[in-house]
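To keep things clear, I will list the structure first and then write my remarks on it.
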Amino acid sequence: MIPLLAFFSLIGLIMAYLAVTERDLIKAVGFSALQAIAYAGIFYLLMAPDIVLAYVAISVGIYTALLVFVIMKTGRYEVS
């Protein structure tokens, strides 16, 4: 169980870094969704299935769709 927790934590950390440093906002939202999936895996391993269901529905589903919609209404690339 500990190696899986470490694996999901590492994936979540890498995806968070990629989401912050990415200049293409659609890719950043994708990395953020992958980070949320990794954190859902951590919650599942910690035996919290009710939190997993809510977290996946909100973080991966609704939040990602809302961000993609807002990005499509504005600009796709970050301007420095």
Side-chain angles (χ1 to χ4, degrees):
M1 183 170 141
I2 299 295
L4 279 176
L5 282 173
F7 173 73
F8 283 131
S9 297
L10 181 65
I11 294 299
L13 185 66
I14 291 170
M15 291 302 138
Y17 174 76
L18 290 174
V20 170
T21 59
E22 182 63 44
R23 297 188 61 79
D24 184 1
L25 297 178
I26 296 293
K27 287 182 184 177
V29 169
F31 290 139
S32 177
L34 290 175
Q35 173 203 11
I37 291 171
Y39 288 163
I42 292 171
F43 289 140
Y44 182 75
L45 289 174
L46 294 175
M47 297 181 190
D50 50 343
I51 295 175
V52 171
L53 291 175
Y55 190 73
V56 167
I58 293 169
S59 182
V60 177
I62 297 171
Y63 184 66
T64 302
L66 181 67
L67 283 177
V68 168
F69 176 73
V70 169
I71 289 170
M72 288 299 160
K73 291 290 182 181
T74 59
R76 180 171 177 170
Y77 294 97
E78 180 182 359
V79 179
S80 57

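These figures come from a predicted structure and were not determined experimentally. Residue numbers start at 1 and run along the sequence shown. Heavy atoms only: backbone and side chains are in, while hydrogens, waters and symmetry mates are out.
Val29 places none of its side-chain heavy atoms less than 4.5 Å from the side chain of Leu25.
Ala40 and Val56 get closest at one heavy-atom pair: CB-CG2, 3.6 Å. Taking each heavy atom of Glu22 and Ala28 in turn, the nearest pair found is CG-N, 3.9 Å. Heavy atoms only, all atoms of each residue included: Ser32 and Ala19 are closest at N-CB, 4.1 Å. Nearest heavy-atom pair, Ala16 versus Gln35, reported as atom, atom and distance to 0.1 Å: CB-NE2, 3.8 Å.
Atoms CZ and CG, from Phe31 and Asp24 in turn, are 9.0 Å apart once rounded to the nearest 0.5 Å. Note that the CG atom of Leu53 and the CD1 atom of Ile58 stand 11.0 Å from one another [nearest 0.5 Å]. Expressed to the nearest 0.5 Å, how far CZ of Phe8 lies from CG of Leu46 amounts to 11.0 Å.
By the 6.0 Å contact criterion, CE on Met1 is enclosed, its count of non-hydrogen atoms from other residues, nucleotides or ligands being greater than 12.
Clustering ILVMFWY residues whenever any of their side-chain heavy atoms sit less than 4.5 angstrom apart, transitively, puts Leu10 in the very cluster that holds Phe43. Leu18 and Ile42 fall within the same hydrophobic cluster, defined by Ile, Leu, Val, Met, Phe, Trp and Tyr side-chain heavy atoms under 4.5 Å apart, directly or through other members. There is a path of hydrophobic side-chain contacts, each under 4.5 Å, that joins Tyr44 to Leu5. Connection of Val52 to Tyr63 is not established within any shared hydrophobic cluster, with ILVMFWY side chains joined at heavy-atom distances below 4.5 Å, either directly or through further cluster members. By the rule that hydrophobic residues join a cluster once side-chain heavy atoms approach within less than 4.5 Å of another member, Ile11 and Leu34 end up as members of one cluster.
Checked against a 6.0 Å centroid threshold, the rings of Tyr39 and Tyr55 do not count as neighbours.
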Could you go through Tyr17 and Leu13, starting from their C-alpha distance and side-chain angles, then the distance that decides it, and tell me whether this counts as side-chain contact (heavy atoms from CB on, under 4.5 Å)?
CA-CA 6 Å; Tyr17 174 76; Leu13 185 66; 6.0 Å; no

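Side-chain atoms of Thr64 come within 3.5 Å of backbone atoms of Ser59 as a donor-acceptor pair (strictly under, hydrogens ignored).
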